[in-house]
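Report on one structure; see the data block that follows.
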Amino acid sequence: MMIIFDPTMAQQLREHIEKIIGLTDDEFSCIMDHFSTKKFRKHQFLIQEGEPVKYNYFVLSGLLKLVFTETSGKQHIVAFAMEDWWESDFLAFYTGATATMSLECLEDTEVLRISLNDYHALCKRVPKMERFFLEKATFGFISSQRRILSMLTSNARERYEQLLKQYPKLVQRVPKTQLAAFLGVSRETLSRFSHPM
């Protein structure tokens, strides 16, 4: 069955991909054949811990948080994702394991999603997409390493300032309690950083 996509949505993905690789109209049409679209409401889950992870998600609009929950119930925010970002529980998605993290909407969200089978089929049909996905994964690894180093070597204020410098739009949209949890500080401490005396 052919899926009809909103032209604006399709153009958003095309512009995103073409930052890395060039595409013909036929190639992009083929790419879109491997995606489906889905809308979620605020507080809905795209992924829940303990369940299979069927998709990798490209955010068209909205805001997501990726969360790991300890057996004690303590939650750790691993990542946020907004427009033009990709997110999933990648370990579970690529290995077929069940999710160890949950992916929840902080705003009403619309995504394009691709299954693992479609991912492999797409890379066979449009081989240059392997380079695109490799570069996106590489950028993700770099970002993760930066965050690990920041958590190991920077104090709370420095982590906040680094996040503000790198992702100013994200900081404006994420609720302060969520931002504090991501940075590993209290809500009160974050308020002091946000509104210096």
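All figures in this text were calculated on a predicted structure; none of them were measured in a lab. These values consider heavy atoms only, across backbone and side chains, with no hydrogens, waters or symmetry-generated copies.
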Same cluster for F133 and I20 if Ile/Leu/Val/Met/Phe/Trp/Tyr side chains link at under 4.5 Å? yes

Strictly by modelled atom types, are Q162 and Q166 linked by a side-chain donor-acceptor pair under 3.5 Å? no

Counting only N and O atoms by type, is there a donor-acceptor contact under 3.5 Å from the side chain of T109 to the main-chain atoms of C105? no

Do the side chain of E27 and the main chain of T24 share a donor and acceptor less than 3.5 angstrom apart? yes

Excluding I148, membership of its hydrophobic cluster (Ile, Leu, Val, Met, Phe, Trp, Tyr; side-chain heavy atoms within less than 4.5 Å) reads L152

Indicate whether any N or O donor in one side chain lies under 3.5 Å from an N or O acceptor in the other, for E49 and S102. no

Please check if any side-chain donor atom of R187 sits under 3.5 Å from a side-chain acceptor atom of S191, or the reverse. yes

Side-chain heavy atoms of K165 within contact of E161, under 4.5 Å: no

Rounding to 0.5 Å, atoms CG (L122) and CG (N117) come to a distance of 12.5 Å

On a heavy-atom basis, the closest approach of R131 and I21 is NH1-CG2, 3.7 Å

Cut-off 3.5 Å, side chains only: do R159 and S154 have a donor facing an acceptor? no

Short question: side chain of D89, backbone of T100 - any donor-acceptor pair under 3.5 Å? yes

Shortest non-hydrogen separation from E83 to G62 and the atoms involved: OE2-N, 2.9 Å

Gap between atom CG of L179 and atom CG of L163 - 0.5 Å precision: 6.0 Å

Approximate separation, where rounding is to 0.5 Å, of K65 NZ and E104 CD: 4.5 Å

Please check if the number of heavy atoms outside K136 that lie under 6.0 Å from its NZ is greater than 12. yes

OH of Y55 to CG of L103, rounded to nearest 0.5 Å, is 14.0 Å

Spatial distance of atom CZ (R14) from atom OG (S29) [nearest 0.5 Å]: 9.5 Å

For residues 73-80, which side-chain donor-acceptor pairs fall under 3.5 Å, sequence neighbours excluded?
{"residue": "H76", "atom": "NE2", "partner": "E70", "partner atom": "OE2", "Å": "2.5"}

Minimum heavy-atom separation for K176 and L190, please, with both atom names. O-CD2, 3.3 Å

When rounded to the nearest 0.5 angstrom, what is the spacing between CE in M151 and CZ in F182? 8.0 Å

Are the side chain of S150 and the backbone N or O of R146 linked by a donor-acceptor pair below 3.5 Å? no

Check the pair Y119 / S115 against side-chain contact (heavy atoms from CB on, under 4.5 Å), numbers first and verdict last. CA-CA 6 Å; Y119 165 82; S115 69; over 6 Å; no

Heavy-atom count around K128 NZ within 6.0 Å, excluding the residue itself: above 12? yes

Any chance the side chains of W86 and H16 put a donor and an acceptor closer than 3.5 Å? yes

